[in-house]
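FYI, side chains are in, hydrogens and waters are out, and symmetry mates aren't considered; it's all heavy atoms of this structure.
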Amino acid sequence: MPAEPAQAIPPPTPPEAGMFQGLRTVAYQVEDIEEAKIWYIEATGIEPYYDEPFYVGFNIGGYELGLQPVERGQASDAGRVVVYWGVPDVDVALAHLLAVGAQPNEAVQDVGGGVRVATVRDPFGNVLGIIENPSFSLPDDE
């Protein structure tokens, strides 16, 4: 008996324009959410707008930084994703982050076009990127 021909899978439908609106939330996993909350308040100068034992959310320039506790016995995903937060001066931001307890990860680099980046590791093992990009402005900056 001959095998039935495989059915062709139709190509995916492209998303509608505007379906993806840009970065909204970055969530870091931490073992001690209270300690992480205190550190991020000091690092950013911003109080969380949402503060629960299962999630702490900060509104930073219209974007959300979230902290999620790692369940006991589970491995953390800390450090697997690098998200770059915009800063007006990468040198000043890097010095501040190091002063409040971050560890150096990658030194300031000029990646062309006046764009400068650096990364640190927060006290919880997450890689935190900072970027100075003169070509990028938020709608309120225009």
Side-chain angles (χ1 to χ4, degrees), residues 3-142:
E4 291 184 29
Q7 290 186 335
I9 299 173
T13 304
E16 295 178 28
M19 178 183 284
F20 293 95
Q21 298 176 327
L23 178 66
R24 292 291 184 266
T25 303
V26 174
Y28 292 135
Q29 292 186 339
V30 296
E31 291 187 16
D32 185 329
I33 198 163
E34 283 299 312
E35 182 182 352
K37 176 179 71 174
I38 292 166
W39 189 84
Y40 273 95
I41 290 169
E42 185 176 5
T44 65
I46 296 171
E47 294 286 330
Y49 78 91
Y50 190 86
D51 188 356
E52 295 291 336
F54 56 87
Y55 186 83
V56 174
F58 297 83
N59 180 339
I60 301 177
Y63 299 93
E64 181 161 343
L65 166 64
L67 303 175
Q68 296 174 314
V70 175
E71 298 294 323
R72 293 203 188 279
Q74 288 185 331
S76 169
D77 287 336
R80 292 189 183 165
V81 175
V82 180
V83 175
Y84 289 85
W85 292 90
V87 297
D89 185 322
V90 75
D91 295 303
V92 170
L94 178 60
H96 172 70
L97 290 169
L98 295 175
V100 297
Q103 297 298 311
N105 192 59
E106 293 177 321
V108 175
Q109 300 173 50
D110 186 327
V111 295
V115 177
R116 300 173 70 227
V117 299
T119 62
V120 297
R121 286 202 177 262
D122 72 11
F124 318 99
N126 297 295
V127 176
L128 172 66
I130 50 178
I131 183 169
E132 175 186 331
N133 185 343
S135 300
F136 182 84
S137 63
L138 295 174
D140 293 336
D141 294 342
E142 296 173 347

Going by heavy atoms in the side chains, are [X] and [Y] under 4.5 Å from each other?
{"X": "Asp91", "Y": "Val108", "answer": "yes"}
{"X": "Ile33", "Y": "Tyr55", "answer": "no"}
{"X": "Asn59", "Y": "Ile46", "answer": "no"}

What is the minimum heavy-atom distance between [X] and [Y], and which atoms define it?
{"X": "Pro123", "Y": "Gly101", "result": "CG-O, 3.9 Å"}
{"X": "Gly113", "Y": "Pro134", "result": "O-CG, 3.9 Å"}
{"X": "Asp122", "Y": "Trp39", "result": "CB-CZ3, 3.8 Å"}
{"X": "His96", "Y": "Ala43", "result": "NE2-O, 2.8 Å"}
{"X": "Phe58", "Y": "Ile41", "result": "CE2-CG1, 3.7 Å"}

Go through the structure and list residues passing side-chain hydrogen bond (donor to acceptor under 3.5 Å, both in side chains) with Gln68, not counting sequence neighbours.
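Counting only residues at least two positions away or on another chain, Gln68 forms no side-chain hydrogen bond (donor to acceptor under 3.5 Å, both in side chains).
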Euclidean distance, [Y] [atom2] relative to [X] [atom1], rounded to 0.5 Å:
{"X": "Phe54", "Y": "Leu67", "atom1": "CZ", "atom2": "CG", "answer": "13.0 Å"}
{"X": "Thr119", "Y": "Gln109", "atom1": "OG1", "atom2": "CD", "answer": "8.0 Å"}
{"X": "Asp89", "Y": "Glu132", "atom1": "CG", "atom2": "CD", "answer": "5.5 Å"}
{"X": "Arg121", "Y": "Leu128", "atom1": "CZ", "atom2": "CG", "answer": "11.0 Å"}

Should the ring pair Tyr63 and Trp85 be called parallel, tilted or perpendicular, given that the plane angle runs from 0 to 90° and is split at 30 and 60?
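If you compare the ring of Tyr63 with that of Trp85, the planes turn out perpendicular.
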Which residue is it: Val83, Val117, Leu97? I am looking for the one with a side-chain contact (heavy atoms from CB on, under 4.5 Å) to Ile130.
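The side-chain contact (heavy atoms from CB on, under 4.5 Å) with Ile130 is passed solely by Leu97 among Val83, Val117, Leu97.
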